[in-house]
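Structure, as C-alpha cells:
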Amino acid sequence: MKEALWWESLGDDKVKCVLCPNACVIVPGKPGVCKVRENRGGRLYSLNYGQVASICLDPIEKKPLFHFHPGALVLSVGTYGCSFQCAFCQNWRISQVKPTCTELTPEQVISICASQQRRYPSTIGMAYTYNEPTVWYEFVRECAELAGAEGFVNVLVTNGYIQPEPLDELIPLIDAMNIDAKAWDEGFYRRVIRGKADPVRRTVEQAADAGVWVEVAYLVIPGENDADEHIDSLATWLSRINPAIPLHLSRYFPAYKYDKPPTPIPTLERLRGIAGEKLHYVYIGNAWKKGYADTICPQCGTVLLERGALELERASLSQQACPGCLRPADITGKVWI
Ligand code: SF4
C-alpha cells in the first residue's frame with residue numbers, strides 16, 4: 001500500500017479521487033469504484049501498489065500491438081482492479097475480484113525484465129496489462145521510469161479511462177498504447193460499462209498527439225456494439241487522427257455476467273470491410289484463421305507480415321517498406337524475426 005497521487009481533500013476526512021473520470025468522492029474506510037484506491041483517515045491510498053497478480057513474458061502481438069516492434073517480447077505485468085464494471089469482462093477474475101498476489105518492488109520487476117532480456121534478446125521492455133493499469137498508476141509510473149532509464153520500452157494496455165492531467169504526466173514514459181474502445185455508442189458505455197465514451201476518445205487523441213504509437217482494440221459483442229454505422233463512425237474518427245492507426249476487431253466469448261453466444265465470424269468480416277474503407281490496417285482477433293492477423297500493404301496488397309495465432313511468423317519488408325511498391329509499412333521499431 002502506498003499513498004496515492006491525484007486526489008483532493010474535501011474536508012471532514014472525505015476525499016475526491018481525480019485520477020479517472022469516475023471522480024469518486026470517498027468517505028473514510030471505503031474504496032472508489034475501482035476497489036483499489038481507498039480513503040484511510042482522510043488520505044487516499046493505492047491498495048494494489050506492488051501487488052503483482054500476474055507476470056509473464058508475452059509476444060507483443062498478444063497485447064495486441066502489431067505495428068510496434070513486431071515479433072518482440074515484452075514482460076507483461078498486472079495487478080487487480082478496474083475503473084469500469086463491464087458485464088462482459090473477459091478478465092473479470094482480476095478486474096473485479098482480488099486474486100492471490102506476489103509483492104514486488106518496481107526495482108524487482110525491472111530486474112526480472114533485464115534477466116529475461118539476457119535469456120531472450122528480443123525482450124524489449126515492459127507491458128502494463130491484464131487488468132486496467134491506470135488504476136495502478138503509482139506503481140506503473142515508478143516501473144516505467146526505471147524501465148526507461150534501462151533502455152526498455154513501456155507499453156500500456158488500457159481502457160483509456162484516465163483524466164488528461166495524470167495521463168499528461170505518464171505519457172512521456174510510454175512508447176506504445178493499445179487502447180480499448182468498448183463501443184461508439186455513449187448509451188452502451190453508460191448501461192453496460194458504467195462509464196463514458198468521450199474520455200476514452202480523448203485519451204486516444206491525447207496519446208496520438210503526444211507521439212505515442214497507438215493501436216485500438218474493439219471487442220465486438222453481437223447485438224450490443226456491432227452496428228455497421230457505429231463501426232463506420234469509429235473508423236471515420238480514427239482515420240481523422242491517423243488512418244494508419246491499426247484497429248483490432250476482437251471476437252467476444254461469453255464471460256462474467258454475459259452468456260450471449262460468441263460473435264459470428266461473418267459479423268467480424270463484415271465489420272472489417274466497413275472499417276477497412278477508412279483505415280489502412282484492420283485485424284480480426286480471438287478468431288484464428290489464416291490471414292486475419294496478417295499485415296497487408298494498403299497500396300498494392302502485398303502481405304508484409306504473416307502471423308499465426310499470436311506470433312509473427314514471416315516478414316517481407318524492404319527497409320520497413322513494402323517490397324512491392326515501396327510504400328512505408330507504418331511500423332515503429334525493429335522487426336524481430
Ligand atoms: S481511479 Fe478508482 S477511485 Fe479514482 S476515480 Fe477512478 S474509479 Fe474512482
Side-chain angles (χ1 to χ4, degrees), residues 1-53 77-89 91-99 101 106 128-144 156-171 173-174 177 179-183 186 188-204 206-207 256-257:
M1 191 171 75
K2 182 166 192 163
E3 186 167 328
L5 300 166
W6 304 105
W7 61 276
E8 297 164 357
S9 171
L10 298 179
D12 292 333
D13 282 349
K14 261 196 232 164
V15 301
K16 181 179 178 185
C17 178
V18 293
L19 177 58
C20 94
N22 284 328
C24 300
V25 173
I26 312 172
V27 296
K30 295 289 180 194
V33 166
C34 59
K35 302 184 191 81
V36 294
R37 303 173 82 76
E38 188 169 295
N39 180 339
R40 300 243 172 133
R43 306 191 76 78
L44 192 67
Y45 285 86
S46 163
L47 303 181
N48 57 2
Y49 180 89
Q51 298 296 311
V52 174
V77 62
T79 182
Y80 61 98
C82 188
S83 42
F84 284 161
Q85 301 163 71
C86 308
F88 53 83
C89 183
N91 260 345
W92 66 273
R93 284 186 181 82
I94 53 172
S95 70
Q96 302 300 326
V97 292
K98 182 180 176 185
C101 292
Y128 309 96
T129 179
Y130 300 136
N131 76 310
E132 173 49 42
T134 55
V135 300
W136 208 20
Y137 186 92
E138 296 75 13
F139 192 77
V140 167
R141 194 163 116 172
E142 288 177 32
C143 286
L156 212 56
V157 182
T158 174
N159 64 18
Y161 213 53
I162 182 169
Q163 293 287 27
E165 297 79 12
L167 180 59
D168 213 33
E169 285 202 3
L170 193 59
I171 266 184
L173 302 169
I174 302 299
M177 287 167 80
I179 302 171
D180 200 2
K182 307 267 180 201
E186 192 66 58
F188 180 83
Y189 261 93
R190 288 189 190 280
R191 183 170 50 84
V192 182
I193 292 163
R194 313 258 176 92
K196 291 175 271 185
D198 271 354
V200 178
R201 290 180 207 148
R202 184 182 61 211
T203 293
V204 172
Q206 192 177 340
Y256 197 34
K257 297 176 184 169

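Remember, predicted model here, so these are calculated numbers, not experimental data. Each ligand, and each atom within it, is numbered from 1 in the order the structure gives. Just so it is clear, the values below take in all heavy atoms, side chains as well, and ignore hydrogens, waters and symmetry mates.
A salt bridge links Arg37 to Glu138: at least one charged side-chain nitrogen sits closer than 4.0 Å to a carboxylate oxygen.
Contact detail for Val97 and Arg93: the closest heavy-atom pair is CG2-O, 3.1 Å.
Taking every non-hydrogen atom of Gly32 and a distance limit under 4.0 Å, the qualifying atoms of ligand 1 come out as 3 (S). Residue Val33 approaches ligand 1 through these ligand atoms, each under 4.0 Å from one of its heavy atoms: 7 (S), 8 (Fe).
Residue contacts with ligand 1 for Ala23 involve N, CA, C or O but no side-chain atom from C-beta outward (heavy atoms, distance under 4.0 Å).
Looking at atom 4 (Fe) of ligand 1, its nearest protein heavy atom turns out to be Cys17 SG, 2.3 Å. Ranking protein heavy atoms by distance to atom 6 (Fe) of ligand 1, first place goes to Cys20 SG, 2.3 Å. Closest to atom 1 (S) of ligand 1 among all protein heavy atoms lies Arg37 CD, 3.5 Å.
Atom 6 (Fe) of ligand 1 has no N, O or S atom of Cys34 closer than 2.8 Å. For residue Cys24, an N/O/S atom approaches atom 8 (Fe) of ligand 1 to within less than 2.8 Å.
With hydrogens and angles disregarded, a donor-acceptor distance shorter than 3.5 Å links the side chain of Tyr161 to the backbone of Lys196. Distance alone, capped at 3.5 Å, places no donor-acceptor pair between the Asn91 side chain and the Asn131 backbone. In this structure, Glu8 contributes its side chain and Val18 its backbone to no donor-acceptor pair below 3.5 Å.
Side-chain contact between Leu156 and Leu170: present, with at least one pair of heavy atoms (C-beta onward) separated by less than 4.5 Å.
The residue from Leu44, Val135, Asn22 that puts a heavy atom closest to atom 7 (S) of ligand 1 is Asn22.
The number of heavy atoms from other shown groups lying within 6.0 Å of CZ (Arg194) does not exceed 12.
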